[in-house]
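A short worksheet on the structure shown next.
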Amino acid sequence: MSKKEEKILLSKIYIGFVYAFTSAVMFWQIGIDTQNIVIFLGLAATGFAFAIREIILSYFIWFILLTKKPFKIGDYICIGEEEGLVKHIGLFYVVVSPTRHKEFYKIPNKVFLEKPIKNYGTGLFESFFDYYIKEIPGDLSDRIDKIVERTNITEGIDLKLKLDSDCDGLKLTAYYRSTFHERENIKHKLIGIILEGINILQPEHVGEEQ
(Lines give C-alpha, C1' and ligand atoms only; values in the text may rest on other atoms or scores of the structure.)
Protein backbone atom coordinates (compact mmCIF):
# COMPACT_ATOMS: atom_id res chain seq x y z
CA MET A 1 0.00 0.00 0.00
CA SER A 2 1.39 3.40 -0.96
CA LYS A 3 1.76 6.18 1.61
CA LYS A 4 -1.10 8.11 -0.01
CA GLU A 5 -3.46 5.11 0.19
CA GLU A 6 -2.31 4.32 3.74
CA LYS A 7 -3.20 7.85 4.86
CA ILE A 8 -6.67 7.51 3.30
CA LEU A 9 -7.33 4.20 5.05
CA LEU A 10 -6.05 5.34 8.46
CA SER A 11 -8.03 8.59 8.30
CA LYS A 12 -11.29 6.71 7.63
CA ILE A 13 -10.63 4.22 10.44
CA TYR A 14 -9.85 7.08 12.81
CA ILE A 15 -13.08 8.92 11.96
CA GLY A 16 -15.14 5.74 12.48
CA PHE A 17 -13.49 5.12 15.86
CA VAL A 18 -14.15 8.69 16.99
CA TYR A 19 -17.86 8.42 16.11
CA ALA A 20 -18.23 5.07 17.92
CA PHE A 21 -16.36 6.26 21.02
CA THR A 22 -18.32 9.52 21.18
CA SER A 23 -21.65 7.65 20.97
CA ALA A 24 -20.64 5.24 23.76
CA VAL A 25 -19.54 8.10 26.05
CA MET A 26 -22.79 9.98 25.41
CA PHE A 27 -24.92 6.95 26.37
CA TRP A 28 -22.83 6.35 29.49
CA GLN A 29 -23.21 9.98 30.63
CA ILE A 30 -27.01 9.89 30.40
CA GLY A 31 -27.12 6.87 32.71
CA ILE A 32 -27.52 3.90 30.38
CA ASP A 33 -25.58 0.88 31.69
CA THR A 34 -22.97 -0.90 29.62
CA GLN A 35 -25.06 -3.99 28.82
CA ASN A 36 -27.94 -1.91 27.49
CA ILE A 37 -25.51 0.22 25.48
CA VAL A 38 -24.07 -2.91 23.85
CA ILE A 39 -27.54 -4.31 23.07
CA PHE A 40 -28.76 -1.01 21.69
CA LEU A 41 -25.68 -0.50 19.54
CA GLY A 42 -25.95 -4.07 18.25
CA LEU A 43 -29.60 -3.67 17.21
CA ALA A 44 -28.95 -0.25 15.76
CA ALA A 45 -25.96 -1.53 13.81
CA THR A 46 -27.97 -4.49 12.43
CA GLY A 47 -30.85 -2.30 11.26
CA PHE A 48 -28.54 0.35 9.92
CA ALA A 49 -26.46 -2.24 8.07
CA PHE A 50 -29.54 -3.68 6.36
CA ALA A 51 -30.70 -0.22 5.33
CA ILE A 52 -27.37 0.77 3.84
CA ARG A 53 -26.10 -2.62 2.63
CA GLU A 54 -25.06 -1.13 -0.73
CA ILE A 55 -22.97 1.47 1.05
CA ILE A 56 -21.42 -1.20 3.28
CA LEU A 57 -20.63 -3.35 0.23
CA SER A 58 -18.97 -0.36 -1.44
CA TYR A 59 -16.98 0.33 1.74
CA PHE A 60 -15.95 -3.33 1.96
CA ILE A 61 -14.73 -3.33 -1.66
CA TRP A 62 -12.90 -0.04 -1.05
CA PHE A 63 -11.12 -1.66 1.90
CA ILE A 64 -10.13 -4.65 -0.25
CA LEU A 65 -8.83 -2.39 -3.03
CA LEU A 66 -6.58 -0.58 -0.56
CA THR A 67 -5.34 -3.64 1.29
CA LYS A 68 -5.13 -6.36 -1.39
CA LYS A 69 -3.89 -3.85 -4.00
CA PRO A 70 -5.16 -5.24 -7.33
CA PHE A 71 -4.06 -1.79 -8.50
CA LYS A 72 -2.88 1.46 -6.96
CA ILE A 73 -3.03 5.17 -7.72
CA GLY A 74 -0.96 5.85 -10.82
CA ASP A 75 -1.57 2.43 -12.46
CA TYR A 76 -3.22 2.11 -15.85
CA ILE A 77 -6.11 -0.37 -15.59
CA CYS A 78 -8.77 -1.90 -17.79
CA ILE A 79 -12.05 -3.27 -16.41
CA GLY A 80 -14.85 -4.28 -18.74
CA GLU A 81 -15.09 -1.66 -21.48
CA GLU A 82 -13.47 1.05 -19.38
CA GLU A 83 -9.79 1.87 -19.02
CA GLY A 84 -7.60 4.69 -17.81
CA LEU A 85 -5.06 5.95 -15.31
CA VAL A 86 -6.17 5.57 -11.67
CA LYS A 87 -6.45 9.01 -10.10
CA HIS A 88 -8.33 8.28 -6.87
CA ILE A 89 -9.64 5.26 -4.94
CA GLY A 90 -12.70 6.42 -3.03
CA LEU A 91 -15.35 4.91 -0.77
CA PHE A 92 -17.85 4.64 -3.62
CA TYR A 93 -15.97 5.20 -6.86
CA VAL A 94 -12.58 4.72 -8.45
CA VAL A 95 -11.70 7.76 -10.55
CA VAL A 96 -9.78 7.03 -13.75
CA SER A 97 -8.59 9.25 -16.58
CA PRO A 98 -8.50 7.78 -20.10
CA THR A 99 -6.28 10.61 -21.38
CA ARG A 100 -3.59 12.95 -20.12
CA HIS A 101 -6.09 15.82 -20.21
CA LYS A 102 -8.64 16.75 -17.56
CA GLU A 103 -11.20 14.16 -18.66
CA PHE A 104 -12.09 11.52 -16.09
CA TYR A 105 -14.92 9.21 -15.11
CA LYS A 106 -15.99 7.26 -12.04
CA ILE A 107 -16.26 3.48 -11.85
CA PRO A 108 -18.53 2.24 -8.99
CA ASN A 109 -16.61 0.08 -6.52
CA LYS A 110 -18.99 -2.88 -6.94
CA VAL A 111 -17.88 -3.22 -10.58
CA PHE A 112 -14.50 -4.44 -9.32
CA LEU A 113 -16.18 -7.52 -7.82
CA GLU A 114 -18.26 -8.20 -10.95
CA LYS A 115 -15.65 -7.89 -13.70
CA PRO A 116 -12.01 -8.97 -14.12
CA ILE A 117 -9.36 -6.28 -13.69
CA LYS A 118 -6.42 -5.94 -16.06
CA ASN A 119 -3.66 -3.89 -14.50
CA TYR A 120 -0.95 -2.55 -16.82
CA GLY A 121 0.79 -0.88 -13.89
CA THR A 122 3.05 2.05 -14.63
CA GLY A 123 4.96 0.09 -17.29
CA LEU A 124 4.29 -0.64 -20.95
CA PHE A 125 0.90 -1.57 -22.40
CA GLU A 126 -0.34 -2.03 -25.94
CA SER A 127 -1.98 0.80 -27.90
CA PHE A 128 -2.98 1.15 -31.54
CA PHE A 129 -4.26 3.67 -34.05
CA ASP A 130 -5.52 3.54 -37.65
CA TYR A 131 -3.80 5.35 -40.50
CA TYR A 132 -6.15 5.67 -43.51
CA ILE A 133 -4.79 5.73 -47.06
CA LYS A 134 -6.29 6.21 -50.52
CA GLU A 135 -4.48 3.51 -52.49
CA ILE A 136 -2.02 0.69 -52.13
CA PRO A 137 1.29 0.87 -54.07
CA GLY A 138 2.78 -2.29 -55.49
CA ASP A 139 5.70 -2.23 -53.08
CA LEU A 140 3.63 -1.55 -49.97
CA SER A 141 4.90 -4.70 -48.26
CA ASP A 142 8.51 -3.54 -48.67
CA ARG A 143 7.62 -0.08 -47.41
CA ILE A 144 5.95 -1.53 -44.32
CA ASP A 145 9.00 -3.71 -43.62
CA LYS A 146 11.30 -0.68 -43.87
CA ILE A 147 9.06 1.39 -41.58
CA VAL A 148 8.97 -1.38 -38.95
CA GLU A 149 12.73 -1.95 -39.23
CA ARG A 150 13.52 1.75 -38.90
CA THR A 151 11.18 2.14 -35.95
CA ASN A 152 12.58 -0.88 -34.13
CA ILE A 153 16.25 -0.04 -34.72
CA THR A 154 16.46 3.76 -34.59
CA GLU A 155 13.56 4.55 -32.22
CA GLY A 156 13.57 1.40 -30.08
CA ILE A 157 9.80 1.01 -30.53
CA ASP A 158 8.31 -2.43 -31.17
CA LEU A 159 5.93 -1.49 -34.02
CA LYS A 160 3.59 -3.83 -35.87
CA LEU A 161 1.65 -2.67 -38.98
CA LYS A 162 -1.41 -4.47 -40.34
CA LEU A 163 -3.20 -3.64 -43.60
CA ASP A 164 -6.97 -3.65 -43.16
CA SER A 165 -10.14 -1.87 -44.25
CA ASP A 166 -13.48 -0.77 -42.89
CA CYS A 167 -16.37 1.44 -43.93
CA ASP A 168 -14.03 4.47 -43.97
CA GLY A 169 -11.61 2.87 -46.44
CA LEU A 170 -8.16 1.27 -46.53
CA LYS A 171 -6.02 1.62 -43.47
CA LEU A 172 -2.83 0.60 -41.73
CA THR A 173 -3.35 -0.32 -38.10
CA ALA A 174 -0.26 0.46 -36.03
CA TYR A 175 0.27 -1.52 -32.82
CA TYR A 176 2.88 -0.42 -30.29
CA ARG A 177 3.69 -0.55 -26.59
CA SER A 178 4.35 2.43 -24.36
CA THR A 179 3.73 3.91 -20.94
CA PHE A 180 0.54 5.87 -20.43
CA HIS A 181 2.33 9.21 -20.32
CA GLU A 182 4.38 8.55 -23.47
CA ARG A 183 1.77 7.02 -25.75
CA GLU A 184 0.66 10.32 -27.32
CA ASN A 185 4.25 11.36 -28.06
CA ILE A 186 5.04 7.95 -29.52
CA LYS A 187 1.84 8.00 -31.58
CA HIS A 188 2.77 11.33 -33.20
CA LYS A 189 6.32 10.10 -33.82
CA LEU A 190 5.00 6.95 -35.50
CA ILE A 191 2.62 8.95 -37.69
CA GLY A 192 5.56 11.01 -38.92
CA ILE A 193 7.59 7.88 -39.70
CA ILE A 194 4.64 6.31 -41.55
CA LEU A 195 4.09 9.53 -43.54
CA GLU A 196 7.73 9.55 -44.55
CA GLY A 197 7.81 5.84 -45.34
CA ILE A 198 4.68 5.93 -47.52
CA ASN A 199 5.29 9.35 -49.04
CA ILE A 200 3.53 8.70 -52.36
CA LEU A 201 0.22 8.30 -50.56
CA GLN A 202 -2.08 11.04 -49.39
CA PRO A 203 -3.56 10.07 -45.99
CA GLU A 204 -7.27 10.62 -45.56
CA HIS A 205 -7.21 10.73 -41.76
CA VAL A 206 -5.79 9.08 -38.70
CA GLY A 207 -8.14 7.05 -36.54
CA GLU A 208 -8.57 7.38 -32.80
CA GLU A 209 -5.94 5.74 -30.61
CA GLN A 210 -7.03 2.94 -28.33
Less than 4.5 Å apart, any side-chain heavy atom of [X] and any of [Y]?
| X | Y | result |
| --- | --- | --- |
| Tyr120 | Glu126 | no |
| Phe71 | Leu65 | yes |
| Ile89 | Phe112 | no |
| Lys87 | Phe104 | no |
| Ile194 | Leu161 | yes |

Quick check for you: to the nearest 0.5 Å, what is the distance between [X] atom [atom1] and [Y] atom [atom2]?
| X | Y | atom1 | atom2 | result |
| --- | --- | --- | --- | --- |
| Leu66 | Ile61 | CG | CD1 | 12.0 Å |
| Ile117 | Ile79 | CD1 | CD1 | 5.0 Å |
| Leu190 | Ile147 | CG | CD1 | 10.0 Å |

Residues joined to Ile64 in its hydrophobic cluster, side chain to side chain under 4.5 Å directly or through other members, sorted by chain and number, are Phe60
Next on the checklist: Please list all pairs meeting salt bridge (charged side-chain N to carboxylate O under 4.0 Å, His left out) that have one or both residues in residues 147-157, counting only residues at least two apart or in different chains.
Outcome noted: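 Passing the test, one end in residues 147-157: Arg150-Glu196, Glu155-Lys189.
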Practice problem: Only counting residues at least two apart or in another chain, list the ones meeting side chain to side chain donor-acceptor pair (under 3.5 Å) with Asp166. | Solution: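 In terms of side chain to side chain donor-acceptor pair (under 3.5 Å), with neighbours along the sequence ignored, Asp166 is linked to Tyr132, Lys171.
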How would you list, by chain and number, every residue that makes a side chain to side chain donor-acceptor pair (under 3.5 Å) with Thr173, sequence neighbours excluded?
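Thr173: side chain to side chain donor-acceptor pair (under 3.5 Å) contacts with Asp130.
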| said: Can a donor-acceptor pair be found, under 3.5 Å and without considering hydrogens, that links the side chain of Asp75 to the backbone of Val86? | reply: no
Between Asp158 and the options Thr151, Val148, Asn152, the side chain to side chain contact (heavy atoms under 4.5 Å, CB included) test singles out Asn152
| field | Residues in ring-ring contact (aromatic ring centres under 6.0 Å, His included) contact with Tyr175, at least two apart in sequence or another chain | value |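 Listed in chain order: Phe128.
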So Ile157 and Ile193, side chain to side chain contact (heavy atoms under 4.5 Å, CB included) or not? Walk me through it.
-> CA-CA 12 Å; Ile157 302 172; Ile193 294 174; 5.9 Å; no
Could you list the residues that satisfy salt bridge (Lys or Arg N to Asp or Glu O under 4.0 Å) with Lys110, not counting sequence neighbours?
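Per chain and number, Lys110 pairs via salt bridge (Lys or Arg N to Asp or Glu O under 4.0 Å) with no residue.
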